[in-house]
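Everything below concerns the one structure shown next.
For ligands, and for the atoms within them, numbers begin at 1 and follow the listed sequence.
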Amino acid sequence: MGDYHVHLHPHGPYRGVGPEPGDYPPGHVEAYVEAAAARGATEIAFTEHLYRCVEAEAALGPFWEAEPRRDLADQTRAFVEEDRLLSLDGYVDAVVAAQDRGLPVLLGLEVDFFPETIGAVLDLLAPYPWDVLIGSVHWVGGWSVDHADVAWEFERRGVRRAYEDYFAIEADLAASGAVDVLAHVDVVKKHGHRLPEPPLDLYGPVVDGAARSGTAVEVSTAGLHVPAAEIYPEPTLLGMFHEAGVPITFASDAHTPADAARDRDRAVDLARRVGYTHRAAFRRRRRSEVPIEQVPIDEEELP
Ligand SMILES: [Zn+2]
Ligand SMILES: [Zn+2]
C-alpha cells in the first residue's frame with residue numbers, strides 16, 4: 001500500500017511548526033515514513049507543489065494576469081508570492097538522498113495544470129528522475145478554486161457554472177496525458193458547494209480523457225477534512241472511473257508527518273465498494289498494478 005500524495009511543508013510563511021520551508025533536517029522524511037507505516041502504508045510518494053518552487057516561476061508565468069476579475073487575480077498573486085518558498089532542486093535532492101538512505105519513498109510532484117503552460121512545465125521537469133507526477137487544477141483562470149478566501153466566487157459565478165469551468169480544465173488535464181495521476185479530481189466541491197445531482201455530463205469527459213490517455217486517479221482522504229466531508233472523488237465518479245478501467249492510487253495529501261496515510265481504511269473501503277481490487281504503483285513513471293493489500297493497522301504506533 002502506498003500514500004501517493006504527501007507534502008513535506010505546510011503552506012504559507014513559517015509559523016514555527018516543523019522545519020522551515022525548504023529545510024529538510026535529519027529525521028524529517030523518516031517521520032513521514034514512520035507515521036505512514038503505522039497506518040499500513042509501506043511507501044510514500046512525496047509530491048511537492050510545483051507552484052511553490054522558485055524555479056517554476058518562469059514556466060508558469062503570472063498566470064493570474066489574464067483573469068478579468070481583478071479581485072480574484074489579486075488574491076492569487078498575493079497567495080502565490082507568499083507561498084513560493086521552496087526550491088525544486090533542494091526538494092529533489094532531499095527525496096533522492098532519502099532514497100539513497102534506503103527509505104521507501106518515491107520522487108513525485110504535484111503539477112499545476114494550465115493548458116497554456118503545460119509544455120513549458122514538462123520541459124522544466126524533464127531532467128529530473130521522477131517516479132510519479134500527479135496533476136491538479138487549483139486555478140480556474142486566476143481563481144484559486146480551492147482557497148477559502150475566495151469561496152464567495154461560487155455565489156457570484158453560480159455553482160453550476162463554477163463546476164462547468166472547473167471540470168472543463170480537469171478534462172483537458174485528463175486527456176493531455178501530461179501526468180500519471182489526477183489529484184483530488186472533484187476538489188471543486190471542497191467548500192461544500194454542491195449540485196442537486198452528480199453532474200454526469202461534466203464527469204464524462206474527465207473519465208473518458210483519463211481512460212484514453214492512460215492516466216490514473218487518486219482516492220484522496222483529504223476531502224474528509226474539509227467542509228465537503230467526502231473522499232475525492234465522490235462514489236459516483238469513482239464508480240465511473242472503475243467502469244472505464246482507470247487505475248487508482250491512494251492519497252492523504254498530508255502536509256505534516258502526523259497526517260501521512262490518514263483514514264487509509266476509509267479510502268480502501270470506498271475503492272473496494274465500487275469494485276477495485278488493485279491499485280497502481282509507479283517507479284520512474286512506469287506503472288504496475290498491485291493488489292490492494294490488507295495491511296493490519298497498528299493504532300499503537302500512530303502519532
Ligand atoms: Zn492539491
Ligand atoms: Zn497536495
Side-chain angles (χ1 to χ4, degrees), residues 2-12 18 21-22 29 32 35-36 41 44-53 56 60 63 75-76 79-80 82-86 88 91-92 94-95 105-114 118 121 125 130-140 143-151 166-167 169-170 172-174 178-191 206 215-228 230-234 237 248-264 267 282:
D3 184 346
Y4 268 68
H5 188 156
V6 176
H7 300 272
L8 282 157
H9 295 92
H11 286 282
V29 169
Y32 282 87
I44 291 181
F46 290 108
T47 53
E48 200 45 85
H49 288 284
L50 172 65
Y51 82 84
R52 297 198 65 188
C53 300
L60 289 175
F63 55 86
Q75 188 274 340
T76 289
F79 173 72
V80 170
E82 178 184 86
D83 214 24
R84 187 168 272 159
L85 301 169
L86 305 178
L88 190 60
Y91 162 67
V92 169
V95 176
V105 297
L106 303 180
L107 178 64
L109 194 72
E110 181 169 6
V111 177
D112 299 281
F113 179 73
F114 300 90
I118 189 66
V121 163
L125 301 183
W130 306 112
D131 288 308
V132 61
L133 296 179
I134 70 173
S136 297
V137 176
H138 295 121
W139 283 280
V140 171
W143 176 29
S144 183
V145 71
D146 66 342
H147 199 296
D149 288 357
V150 281
Y166 171 82
F167 279 112
I169 303 174
E170 189 67 40
D172 268 3
L173 168 60
V179 297
D180 305 304
V181 186
L182 303 177
H184 46 62
V185 69
D186 58 349
V187 74
V188 69
K189 74 187 176 189
K190 177 177 177 179
H191 299 297
V206 177
T215 307
V217 66
E218 68 176 24
V219 182
S220 170
T221 56
L224 295 169
H225 300 276
V226 295
E230 183 182 72
I231 284 173
Y232 307 118
E234 58 102 346
L237 179 51
I248 53 168
T249 59
F250 291 105
S252 68
D253 210 345
H255 287 67
T256 61
D259 289 342
R262 70 174 165 175
D263 302 313
R264 172 190 154 278
F282 289 89

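Of the options Tyr51, Trp143, Phe114, Phe113, a ring-ring contact (aromatic ring centres under 6.0 Å, His included) to Phe63 is made by Phe114 and by none of the others. The only member of Leu133, Val95, Val132 that meets side chain to side chain contact (heavy atoms under 4.5 Å, CB included) when paired with Leu107 is Val95.
Residue His184 counts as close to the Zn ion (ligand 1), with an N, O or S atom under 2.8 Å. Residue His138: an N/O/S atom is found under 2.8 Å from the Zn ion (ligand 1). For the Zn ion (ligand 2), the set of nearby N, O or S atoms under 2.8 Å includes one belonging to His5. At a cut-off of 2.8 Å, Glu110 is counted among the residues with an N, O or S atom near the Zn ion (ligand 1).
The backbone N or O of Arg262 sits less than 3.5 Å from a side-chain atom of Thr221, completing a donor-acceptor pair. A distance-only check finds no donor-acceptor pair linking the side chain of Asp259 to the backbone of Ala254 [under 3.5 Å].
Between His7 and His255, the angle of the ring planes stays under 30°, which puts this pair in the parallel group of the 30/60° scheme.
Of all the N, O or S atoms in Asp253, the one closest to the Zn ion (ligand 2) is OD1.
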